[in-house]
Amino acid sequence: MHERDVSPLEKPYDAKEHEARLYKRWEDSGYFNPDNLPPRHTTPYSIVLPPPNVTGTLHCGHATMLAIQDAIVRFKRMQGFKTLWLPGTDHAAIATQSKVEKEISKKEGKSRYDLGREELLRRIGIFAQESHDTIINQCKSMGSSLDWSREAFTLDETRNKAVYRAFKEMYHAGLIYRGQRVINWDPKGQTTISDDEIVYEEREATLYTFKYSDNFPITISTTRPETKFGDTAVAVHPDDERYAAFVGKTIETSFCGVPLSIKVIADRNVEKDFGTGALGVTPAHSKVDEEMARGNDLPFVQVIDEKGRMTVGGEDIIGKKTAEAREIVAQKLRDAGLMVEEKKITQNVSTAERTGAIIEPLPKLQWFVAVNKEFQFPHKNKTIAKQGEMVTLKTLMHRAVESGATTILPDRFAKVYEHWIDNLRDWCISRQIWYGHRIPVWYKEGEVYCGLEAPAGDKWTQDEDTLDTWFSSGTWSFSTLGWPNDTSDLKTYHPNDLLETGRDIIFFWVARMILMSTYLLGGVPFKTVYLHGLALGKDGKKMSKSAGTALDPLEVTEKYGTDALRMALIVGNAPGNDFRLYDDKVKAYKHFANKIWNASRFVLSNTKGAQIDEKLLTEKDVLTLAAWRVILKDITEDIEKYNLHLASEKLYSYFWHTFADVLIEQTKSRFQSEDISDKQSAQVLMQILLEEQLKALHPFMPFVTEAVWEIMHGDAKENLLLIQPWTTDF
RNA sequence: GGGCGGUUAGCUCAGUUGGUAGAGCAAUUCGUUUACACCGAAAAGGUCGGGGGUUCAAAUCCCUCACCGCCCACCA
């Protein structure tokens with residue numbers, strides 16, 4: 001039996017004295033790795049960490065996910081599950097490259113083209129490694145019980161193989177294709193981006209109403225007159241009698257000195273009441289117009305290049321940026337008496353998430369994932385579809401959730417997910433940046449070959465582009481477990497039991513993981529998706545680094561302790577809802593950590609040498625213990641339903657207001673009592689209650705509870721609170 | 001335009017299937033009798049956004065309106 005020394009409890013709880021030390025004890029014990037857990041841990045339970053981007057440091061969003069996931073993982077581990085929480089980081093392609101590029105440009109005035117591919121990648125590699133190290137240490141300081149022996153990186157060798165295999169299988173199935181499409185071009189980042197990487201910003205714009213020229217019978221409206229050099233049609237609503245006589249005709253005209261051949265077409269998407277009810281169709285510079293063009297067999301005329309400069313127009317226009325050209329064109333129209341009206345309107349402008357640049361739709365040859373293409377489901381004995389059944393990727397994504405194989409919490413997000421899939425278009429996966437997985441396709445004189453290495457023979461050149469970072473993170477649930485190799489980890493831990501992540505990346509990531517897993521493995525990637533909300537500042541607005549409203553989680557833990565921050569991130573944070581994080585809230589839980597510490601001191605110093613035997617309990621104390629266990633049962637069920645916000649609050653409330661305020665106060669006289677059996681009973685009761693509460697609190701406040709436990713049970717690794725069995729005597 | 005969330009004590013938020021309104025923080029009064037002042041006790045504070053309905057009973061279910069926030073679509 002461990003000889004209890006309560007002297008460390010004499011002063012107030014100081015998180016700094018214990019945290020790094022205890023984390024090391026946990027790590028050294030090996031218990032973060034499920035393979036090392038005691039034999040009672042048989043049934044697997046798995047979570048993968050959403051890999052933080054190697055773009056810098058940990059923010060409150062990371063702290064939130066770490067607090068929630070670690071609480072769940074510690075709970076499951078104590079319950080006796082063979083618990084795996086697998087860590088990793090994300091190379092985050094465009095985010096990382098643009099960050100490094102920005103720095104190089106600022107410090108050295110050089111662009112990526114000055115450095116060249118190899119040198120830029122070398123620099124990014126250094127930056128990524130530094131960020132990685134910082135982030136890993138920060139994850140550890142949050143107390144995260146991650147299995148570091150299985151750490152993964154989206155760009156490491158194993159993940160690289162997985163990405164290649166995914167690409168190859170989809171390529172050969174015709175689900176990845178190369179095609180000429182109007183894509184979202186980011187003129188600042190000089191790359192394509194997917195529809196999901198667009199952020200709409202409301203801005204004021206001028207709606208110009210005019211005619212191309214005097215001989216053209218229809219007046220049109222646009223906010224971008226400079227694109228009209230690329231018009232090949234005018235579209236009107238089929239029921240619009242004003243223009244019915246022109247439909248089907250092609251009119252030769254000109255625009256600011258450039259000849260145009262305009263076909264008048266009818267299309268249901270045109271609003272009769274907007275502007276003049278007629279719209280100039282620019283197939284090369286608008287996705288909507290592109291669709292009309294394909295339906296009506298219209299030619300594409302590109303008039304803007306990748307730098308966002310004009311390639312068509314007069315001397316005074318060619319080479320100008322679009323915004324400048326717009327003014328020149330408008331002035332010409334005014335001068336020629338063609339301008340009918342100029343009106344201010346507010347308009348949603350598409351901007352690039354990462355660079356903030358206004359998106360320029362351009363026709364380009366790019367790689368896409370076909371989400372609507374039918375194919376035969378290739379897997380045997382799967383519940384999501386029958387082998388050979390005709391399905392699309394969309395079908396599979398739908399079925400994952402509709403079938404109940406994956407449950408989304410809170411369930412209202414299931415509707416959001418379904419709606420997104422319905423509207424999904426082919427996913428553009430090629431990027432013109434250098435940091436990332438190079439597209440594994442090789443070309444030679446019209447031949448195309450898909451492979452990691454060039455085929456035998458000379459003159460094969462690899463596709464210059466890299467893959468969208470979400471293509472690789474889409475494989476995360478299984479690439480982290482060793483796929484495409486048939487590993488025992490994959491058999492044991494896939495599908496993951498839980499995916500816990502921010503509600504803002506349900507489309508980017510959750511949906512893509514479902515796509516990849518249902519297609520490549522034939523089943524869902526995880527059984528449950530738990531979406532947490534955003535950590536907001538005290539003002540209720542999104543924290544922003546540039547506005548200085550971002551809380552640095554490490555500064556907060558420095559001040560109040562990690563347990564305090566973890567509690568502040570969990571209590572009152574209902575699934576899916578945004579929540580505010582502020583100093584006072586964290587402070588309240590620092591006080592709670594101290595309360596636990598002091599109450600423990602009282603109990604331990606008054607029960608030295610006393611036995612723990614429930615048979616010694618008086619009738620009344622039996623009832624008190626039973627009342628606690630009713631609450632504990634409730635708490636257990638809350639955690640199992642992932643209602644951590646309820647469980648944590650109940651624990652807080654019981655510990656403080658029942659255990660400390662009532663029971664401890666009562667025992668003060670009982671410990672002095674002449675009635676030996678009553679005194680004994682009080683000692684037994686208080687020890688049991690303390691132990692069971694420490695266990696129950698451990699997932700939420702691992703450090704202070706482990707520190708007390710250590711005083712009670714010594715420092716043998718088998719006695720770590722980390723692996724003590726969850727109380728089940730309800 | 002479509003959808004979702006929110007509106008509960010001064011502030012920040014809980015409230016699981018309808019059954020007498022809860023917590024933390026702040027503010028008030030009192031209290032340092034050996035766990036803790038990073039404390040305790042007491043009292044105070046709400047017609048649960050407005051209106052209507054269902055019910056013996058509504059913060060909770062239904063309808064409607066208002067305001068705040070978010071997401072999706074993209075009317076040129």
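Letters go in sequence order (proteins before strands), and every chain restarts at 1.
- Taking every side-chain heavy atom of A:T222 into account, B:A76 is the closest of B:G24, B:A76, B:C72.
- Using cut-offs of 30° and 60° for the angle between ring planes, the A:W656 and A:Y652 rings count as tilted.
- Contact annotation: A:Q347 side-chain N/O to B:A76 OP1/OP2 distance is under 4.0 Å.
- Residue A:R503 places none of its side-chain N or O atoms closer than 4.0 Å to OP1 or OP2 of B:C71.
- Listed nucleotides: B:A35, B:C72, B:C39. Nearest to the side chain of A:W656: B:C39.
- Per the geometry, OH belonging to A:Y582 stands 11 Å off P belonging to B:A26, to the nearest Å.
- The listed nucleotides are B:A76, B:A73, B:A35; the one nearest the side chain of A:Y200 is B:A73.
- Taking atom NE2 of residue A:H657 and atom C1' of nucleotide B:C36, one finds them 14 Å apart after rounding to whole Å.
- Between A:R580 and B:G24, a side-chain N or O to OP1/OP2 separation shorter than 4.0 Å is absent.
- When the nucleotides B:C38, B:A14, B:A35 are ranked by their closest atom to the side chain of A:P12, B:C38 comes out on top.
- Taking only side-chain nitrogens and oxygens, A:R412 never comes nearer than 4.0 Å to OP1 or OP2 of B:C4.
- Between the NZ atom of A:K343 and the P atom of B:A76 there is a distance of 11 Å, given to the nearest Å.
- Heavy atoms of A:A588 sit under 4.0 angstrom from primed sugar atoms or phosphate atoms, though from no base atom.
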For a side-chain contact (heavy atoms from CB on, under 4.5 Å) check, start with the C-alpha distance between A:D196 and A:R512, then their side-chain angles and the critical distance, and finish with the verdict. CA-CA 12 Å; A:D196 300 282; A:R512 263 73 176 264; 3.1 Å; yes
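- Straight-line distance between the C1' atoms of B:A58 and B:G18: roughly 6 Å, to the nearest whole Å.
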Begin from the C-alpha positions of A:E558 and A:K16 and carry the test salt bridge (Lys or Arg N to Asp or Glu O under 4.0 Å) through to its verdict. CA-CA 8 Å; A:E558 179 70 18; A:K16 279 184 210 147; 3.6 Å; yes
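- Applying the 4.0 Å criterion to OP1 and OP2 of B:C38, one finds that A:K587 has every side-chain N and O outside that range.
- At a threshold of 4.0 angstrom between heavy atoms, the contacts of A:S653 with the nucleic acid are absent.
- Among the protein residues, A:E649 comes within range of the sugar-phosphate backbone only, with heavy atoms under 4.0 Å from sugar or phosphate atoms but none that close to a base.
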Should A:K559 and A:E555 be marked as a salt bridge (Lys or Arg N to Asp or Glu O under 4.0 Å) after you check the CA-CA gap, both sets of side-chain angles, and the distance that decides it? CA-CA 6 Å; A:K559 203 161 155 195; A:E555 276 176 31; over 6 Å; no
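- The two residues A:N372 and A:L424 come nearest to each other via the heavy atoms ND2-O, 4.1 Å.
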In dot-bracket notation, what is the pairing pattern of RNA chain B, taking Watson-Crick (N1-N3 plus N6-O4 or O6-N4) and G-U wobble (N1-O2 and O6-N3) contacts under 3.5 Å, with [ ] crossing and | for other strands? (((((((..((((.....[..))))..((((.......))))......(((((..]....))))))))))))....
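- Using a cutoff of 4.0 Å between basic side-chain nitrogens and carboxylate oxygens, A:K542 and A:D504 are not scored as salt-bridged.
- Between A:K287 and A:E291, no side-chain nitrogen of the basic residue sits less than 4.0 Å from a carboxylate oxygen of the acidic one, so the salt-bridge criterion is not met.
- A distance of about 12 Å separates the P atoms of B:C4 and B:C62, rounded to the whole Å.
- We find that A:E637 and A:K633 are joined by a salt bridge, their nearest charged nitrogen and carboxylate oxygen being less than 4.0 Å apart.
- Not counting sequence neighbours, the partners of A:S194 by the side-chain hydrogen bond (donor to acceptor under 3.5 Å, both in side chains) test are A:E197.
- Straight-line distance from the CD1 atom of A:I218 to the P atom of B:A76: 20 Å, rounded to whole Å.
- Between B:U28 and B:U64, the distance separating the two P atoms is 46 Å to the nearest Å.
- Using a 4.0 Å heavy-atom distance criterion, A:N348 is classed as a base contact.
- Nucleic acid contact class of A:K287 (heavy atoms, under 4.0 Å, all strands): none.
- Between A:S261 and A:T250, the shortest heavy-atom distance links the atoms OG-CG2, 3.5 Å.
- Aromatic pair A:F579/A:H532: centroids not less than 6.0 angstrom apart.
- At a threshold of 4.0 angstrom between heavy atoms, the contacts of A:N577 are confined to the sugar-phosphate backbone, with no base atom among them.
- B:U47 and B:U20 are spaced 15 Å apart, taking the C1' atom of each and rounding to whole Å.
- Candidate nucleotides B:A35, B:A76, B:U12 were compared by shortest atom distance to the side chain of A:L279, and B:A76 ranks first.
- Take the nearest nucleotide of RNA chain B for A:V603 and for A:Y589: the residue whose nucleotide is more 5' is A:Y589.
- When the C1' atom is used for both B:A44 and B:U7, the distance is 25 Å, rounded to whole Å.
- Within the 4.0 angstrom heavy-atom criterion, no nucleotide atom of any strand lies near A:E637.
- Residue whose closest nucleotide on RNA chain B sits further toward the 5' end, between A:T346 and A:L646: A:L646.
- The listed nucleotides are B:C72, B:G40, B:G24; the one nearest the side chain of A:D661 is B:G40.
- The side chain of A:D638 sits closest to B:U16 out of B:C25, B:C72, B:U16.
- Residue A:H591 has no polar side-chain atom (N or O) positioned under 4.0 Å from OP1 or OP2 of B:G24.
- One atom, CD of A:E202, and another, C1' of B:C71, lie 15 Å apart when rounded to the nearest Å.
- Across B:G15 and B:A9, the matching P atoms stand 15 Å from one another, rounded to whole Å.
- Taking atom CG on A:L644 and atom C1' on B:G15, their separation rounds to 17 Å, with Å as the unit.
- Nucleic acid contact class of A:F579 (heavy atoms, under 4.0 Å, all strands): none.
- In the set B:A76, B:C38, B:G24, B:C38 carries the atom at the smallest distance from any side-chain atom of A:K590.
- Taking atom P on both B:C68 and B:C25, the two are 32 Å apart, rounded to the nearest angstrom.
- Of the candidate nucleotides B:A76, B:G24, B:C36, B:G24 has the atom nearest to the side chain of A:Y652.
- Checked by distance alone, A:K595 brings a side-chain donor or acceptor within 3.5 Å of a matching partner on the base of B:C36.
- Distance, A:R601 CZ to B:C39 C1': 12 Å, rounded to whole Å.
- Remark: side-chain polar atoms of A:N184 are not paired, donor with acceptor, to backbone N or O of A:E360 under 3.5 angstrom.
- Straight-line distance from the CG atom of A:L581 to the C1' atom of B:C11: 15 Å, rounded to whole Å.
- B:A21 and B:U60 are spaced 12 Å apart, taking the C1' atom of each and rounding to whole Å.
- Heavy atoms of A:N573 sit nowhere under 4.0 angstrom from any nucleic acid atom.
- Using a 4.0 Å heavy-atom distance criterion, A:A235 is classed as making no nucleic acid contact.
- Out of B:A14, B:A35, B:A76, the shortest distance to the side chain of A:F274 is found at B:A76.
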